[in-house]
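Atoms considered below: every heavy atom in the structure, side chains included; atoms not considered: hydrogens, waters and symmetry mates.
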Amino acid sequence: QVQLVESGGGLVQAGGSLRLSCAASGRTFSNIAMGWFRQAPGKEREFVAAITWSGSRTYYADSVKGRFTISRDNAKNTVYLQMNSLKPEDTAVYYCAAGWIATMSFRQYDFWGQGTQVTVSS
């Protein structure tokens with residue numbers, strides 16, 4: 001089992017930045033891949049970014065590439081999502097997830113956090 005707790009969400013103006021954190025506990029964090037997903041009202045959950053267990057490879061949705069950066073600190077059992085140049089369309093609940101491979105498919109992740117709200121005002 002892996003328990004995940006997100007933090008860092010909030011309200012920000014367009015063009016601003018936020019950094020989300022996801023603290024993990026339970027199974028050895030350094031052995032698992034991590035991902036960030038988001039879900040806006042009335043929309044399906046969508047992939048945002050993923051990172052391999054070692055941090056050597058990262059993957060991004062086209063909509064956030066160049067603006068968001070995923071990283072991890074295995075010593076702190078924490079994964080981060082640095083979000084810059086935020087847009088109103090980035091407004092959503094952001095979830096972190098843990099799984100065995102870094103993938104865009106939410107079905108491949110076994111453990112999920114409760115989510116943190118990000119609201120970007122225009």
Side-chain angles (χ1 to χ4, degrees):
Q1 287 288 338
V2 177
Q3 292 78 44
L4 303 172
V5 178
E6 301 99 334
S7 61
L11 173 64
V12 64
Q13 288 189 330
S17 299
L18 282 174
R19 188 176 81 155
L20 305 183
S21 299
C22 175
S25 60
R27 186 181 289 269
T28 304
F29 178 75
S30 59
N31 292 340
I32 56 177
M34 298 295 296
W36 285 96
F37 291 77
R38 66 187 182 186
Q39 188 166 19
K43 295 188 176 181
E44 294 185 350
R45 188 169 300 192
E46 66 171 350
F47 168 76
V48 175
I51 188 167
T52 56
W53 67 269
S54 66
S56 60
R57 292 189 179 183
T58 56
Y59 307 91
Y60 297 93
D62 288 342
S63 59
V64 307
K65 202 170 293 183
R67 300 188 297 124
F68 290 11
T69 302
I70 188 171
S71 63
R72 67 190 295 162
D73 185 338
N74 287 345
K76 296 182 178 180
N77 288 355
T78 302
V79 64
Y80 304 97
L81 185 68
Q82 177 67 44
M83 305 185 295
N84 298 328
S85 302
L86 282 161
K87 305 175 180 180
E89 51 264 42
D90 294 319
T91 295
V93 177
Y94 283 70
Y95 299 90
C96 71
W100 305 118
I101 58 172
T103 172
M104 297 174 57
S105 172
F106 71 89
R107 294 180 177 85
Q108 298 296 322
Y109 292 87
D110 297 309
F111 308 101
W112 292 83
Q114 82 289 350
T116 185
Q117 177 70 46
V118 171
T119 303
V120 184
S121 63
S122 57

Identify, with sequence neighbours excluded, every residue that meets side-chain contact (heavy atoms from CB on, under 4.5 Å) alongside [X].
X: Q114; result: V5, E6
X: S56; result: T52, S54
X: N74; result: F29, S30, R72
X: S63; result: R38, A61

Same cluster for W53 and V2 if Ile/Leu/Val/Met/Phe/Trp/Tyr side chains link at under 4.5 Å?
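Per the 4.5 Å side-chain linkage, W53 and V2 are not co-clustered.
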Test of understanding: clusters of I, L, V, M, F, W, Y form through side-chain heavy atoms closer than 4.5 Å, transitively. Do Y80 and L4 belong to the same one?
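No, because Y80 and L4 fall into different hydrophobic clusters, even though each may have its own neighbours under 4.5 Å.
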Gap separating the [atom1] atom of [X] from the [atom2] atom of [Y], nearest 0.5 angstrom:
X: T69; Y: M83; atom1: OG1; atom2: CE; result: 11.0 Å
X: S71; Y: M34; atom1: OG; atom2: CE; result: 11.5 Å
X: Y94; Y: L81; atom1: OH; atom2: CG; result: 7.5 Å

Show me the pairs that pass disulfide (SG to SG under 2.5 Å) and involve [range], at least two apart or across chains.
range: residues 46-89; value: none
range: residues 50-89; value: none
range: residues 88-122; value: C22-C96

List, by chain and number, the other hydrophobic cluster members for W112, where Ile, Leu, Val, Met, Phe, Trp and Tyr join if side-chain heavy atoms come within less than 4.5 Å, directly or indirectly.
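Traced through the cluster, W112 reaches F37, F47, Y59, V93, Y95, M104, F106, Y109.
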If you look at every heavy atom in A33 and I101, which pair is closest and at what distance?
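Closest heavy-atom pair between A33 and I101: CB-C, 3.4 Å.
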Ignoring hydrogens, what is the shortest heavy-atom contact between S21 and T78? Give both atom names and the distance.
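Closest approach of S21 to T78, heavy atoms only: CB-CG2, 4.2 Å.
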How would you list all residue pairs meeting side chain to side chain donor-acceptor pair (under 3.5 Å) that involve residues 97-108, not counting sequence neighbours?
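Residue pairs passing side chain to side chain donor-acceptor pair (under 3.5 Å), neighbours aside: W100-D110.
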Any side-chain heavy atom of F68 within less than 4.5 Å of one from D90?
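Contact flag for F68/D90 side chains = yes.
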So, using salt bridge (Lys or Arg N to Asp or Glu O under 4.0 Å) as the criterion, who are the partners of K65 when residues are at least two apart?
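Expected list: D62.
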Could I get the full list of salt bridge (Lys or Arg N to Asp or Glu O under 4.0 Å) partners for R57, not counting sequence neighbours?
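If we apply the salt bridge (Lys or Arg N to Asp or Glu O under 4.0 Å) test to R57, skipping adjacent residues, there are no hits.
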Which pairs of donor and acceptor atoms, one on a side chain in residues 7-19, lie under 3.5 Å apart (sequence neighbours left out)?
{"from": "S17", "atom 1": "OG", "to": "N84", "atom 2": "OD1", "distance (Å)": "2.9"}

